[in-house]
Each structure stands twice: as C-alpha cells, then as structure tokens.
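See below for the structure under consideration.
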Amino acid sequence: MKEFNRLCKEFEEMDAGTYNAVLDELSSRIIPALELITADGIKGELIFARFLMGAIVSDGKLSASEYLFMEPMLQRFFGGTVDFDYCKTLIKENRTMGKELKNEVDYMVDVLGMLSDDLKNDVITVCLMVCAVDGKVSLKEKRWIKQLIRE
C-alpha cells in the first residue's frame with residue numbers, strides 16, 4: 001500500500017515534459033500489443049481509449065487537464081466535434097456512461113490478463129498517470145486503479 005501511495009504522489013508531482021515522455025513511450029508499446037491480442041477486430045487504440053476513459057471518469061468528474069490529455073485521441077476518433085464543454089455535458093447528463101466505464105473493470109481485467117506482466121504494468125501506469133494529471137489521485141480513482149490490479 002505504501003508503494004502504491006508513493007507512486008501516486010510521484011505522478012501527481014511529475015513535470016509536464018517527463019509526464020508526456022513517459023506517456024509517449026508507454027503508449028507506443030501498449031497500442032501494438034493490444035492490436036496483437038484482439039481476435040474480435042477491435043483496434044488496439046479503441047481498447048486503450050476504453051482504459052483511458054475509465055481512468056478519466058473514475059472519480060465522476062472531468063477536469064480541464066484530463067480533457068487536454070485525451071484531446072488528441074478524441075480528435076482522432078471524432079474530429080473537431082468533441083470539445084471540453086461537450087465532454088463535460090455528456091458526463092454530467094449521462095452519469096450512466098461514467099458508471100458503465102467504471103463498471104467495465106471486468107472486461108479491462110480480462111484484457112490485462114492477456115498481456116505480459118510488463119505490458120499490464122504499463123497499462124495500469126498510464127491509467128494511474130491519467131488519474132494524477134490534475135495533480136491529485138482521489139480515493140475513488142485509487143479504488144478504480146486497485147480493481148485493475150487485482151489478479
């Protein structure tokens with residue numbers, strides 16, 4: 001538990017340059033690995049997006065820093081139609097979307113079970129970093145991450 005809290009604190013205090021470099025490195029390994037394990041035709045990017053969105057809504061809120069982190073991926077998937085206000089409205093008006101993403105943990109744990117331990121740790125690290133992007137990993141976010149870690 002102390003190790004987990006130390007890691008949360010480390011990501012909460014990480015400077016933007018290091019944060020982006022770590023995310024780029026991890027993402028470049030994760031997405032191709034997810035592509036390889038999918039037999040149902042779902043793209044690795046979409047599976048990765050499910051993890052990221054789950055991390056973003058795990059506390060039931062969307063901060064500007066969380067949105068800015070996801071903006072490039074959202075633009076790639078949906079074009080210019082998805083801005084911060086639209087996403088906030090969606091999450092606020094459609095609480096079930098947030099609940100569904102949080103409840104997709106079983107699916108996510110199944111996906112993690114198909115990955116090597118190193119890649120599993122990479123995915124969980126990215127999710128933790130997304131939770132920490134606003135400078136604080138909340139108790140709700142910690143609980144959500146711990147569900148992913150379960151064996």
Side-chain angles (χ1 to χ4, degrees), residues 1-78 82 84 87 90-91 95-151:
M1 184 65 168
K2 282 185 180 182
E3 180 67 19
F4 181 72
N5 286 331
R6 185 197 60 75
L7 196 56
C8 290
K9 189 73 169 162
E10 183 179 319
F11 289 134
E12 289 169 346
E13 296 173 351
M14 188 174 282
D15 67 272
T18 303
Y19 186 93
N20 289 327
V22 170
L23 284 176
D24 287 345
E25 179 186 335
L26 295 178
S27 297
S28 71
R29 291 194 306 247
I30 293 168
I31 293 171
L34 291 174
E35 288 279 339
L36 290 174
I37 66 165
T38 58
D40 57 4
I42 298 174
K43 288 187 168 194
E45 285 181 338
L46 294 177
I47 295 170
F48 192 47
R50 287 169 85 170
F51 279 97
L52 298 177
M53 290 302 293
I56 286 172
V57 302
S58 62
D59 64 355
K61 299 179 261 182
L62 177 66
S63 71
S65 53
E66 288 171 325
Y67 172 78
L68 289 174
F69 170 76
M70 281 296 295
E71 185 178 30
M73 188 172 290
L74 292 170
Q75 296 302 321
R76 184 173 31 202
F77 292 141
F78 304 110
V82 180
F84 178 62
C87 288
L90 273 181
I91 289 172
R95 291 284 181 198
T96 58
M97 178 185 75
K99 289 178 183 174
E100 287 171 12
L101 284 168
K102 286 194 291 188
N103 293 331
E104 276 195 340
V105 170
D106 288 337
Y107 169 80
M108 293 175 184
V109 169
D110 289 345
V111 168
L112 290 173
M114 293 185 268
L115 300 174
S116 69
D117 286 343
D118 287 340
L119 280 167
K120 176 182 176 179
N121 289 335
D122 288 350
V123 171
I124 291 169
T125 298
V126 169
C127 289
L128 183 54
M129 291 178 75
V130 169
C131 291
V133 75
D134 58 0
K136 176 73 177 137
V137 180
S138 72
L139 184 57
K140 287 180 181 180
E141 290 169 327
K142 287 179 181 181
R143 284 188 203 139
W144 186 81
I145 294 290
K146 287 178 183 178
Q147 289 180 73
L148 295 179
I149 296 170
R150 75 175 188 230
E151 295 293 327

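The first residue of the sequence shown is numbered 1, and numbering continues consecutively from there.
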Closest non-hydrogen atom pair between [X] and [Y], with its separation:
{"X": "A55", "Y": "C131", "answer": "O-SG, 3.7 Å"}
{"X": "Y19", "Y": "M129", "answer": "OH-O, 2.6 Å"}
{"X": "P32", "Y": "S27", "answer": "CD-O, 4.1 Å"}
{"X": "K142", "Y": "C8", "answer": "CE-SG, 3.9 Å"}

Beyond-backbone contact of [X] with [Y], side-chain heavy atoms, under 4.5 angstrom:
{"X": "E141", "Y": "W144", "result": "no"}
{"X": "M108", "Y": "V123", "result": "no"}
{"X": "R6", "Y": "K2", "result": "no"}

Just how far is it from atom [atom1] of [X] to atom [atom2] of [Y], taken to the nearest 0.5 Å?
{"X": "I37", "Y": "E35", "atom1": "CD1", "atom2": "CD", "result": "10.0 Å"}
{"X": "K136", "Y": "D59", "atom1": "NZ", "atom2": "CG", "result": "11.5 Å"}
{"X": "D117", "Y": "L112", "atom1": "CG", "atom2": "CG", "result": "10.5 Å"}
{"X": "T125", "Y": "I30", "atom1": "OG1", "atom2": "CD1", "result": "8.0 Å"}
{"X": "K9", "Y": "L7", "atom1": "NZ", "atom2": "CG", "result": "13.0 Å"}
{"X": "L115", "Y": "D122", "atom1": "CG", "atom2": "CG", "result": "9.0 Å"}

Worksheet entry | Donor-acceptor pair, side chain of S28 and main chain of E25, under 3.5 angstrom |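 Between the backbone of E25 and the side chain of S28 there is a qualifying donor-acceptor contact (under 3.5 Å).
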Fill in: side-chain contact (heavy atoms from CB on, under 4.5 Å) partner of L128, the single match among V137, L148, I149
V137
Practice prompt. For the pair L119 and R29, evaluate side-chain contact (heavy atoms from CB on, under 4.5 Å) and give the outcome as yes or no after the intermediate values.
Written response: CA-CA 8 Å; L119 280 167; R29 291 194 306 247; 4.2 Å; yes
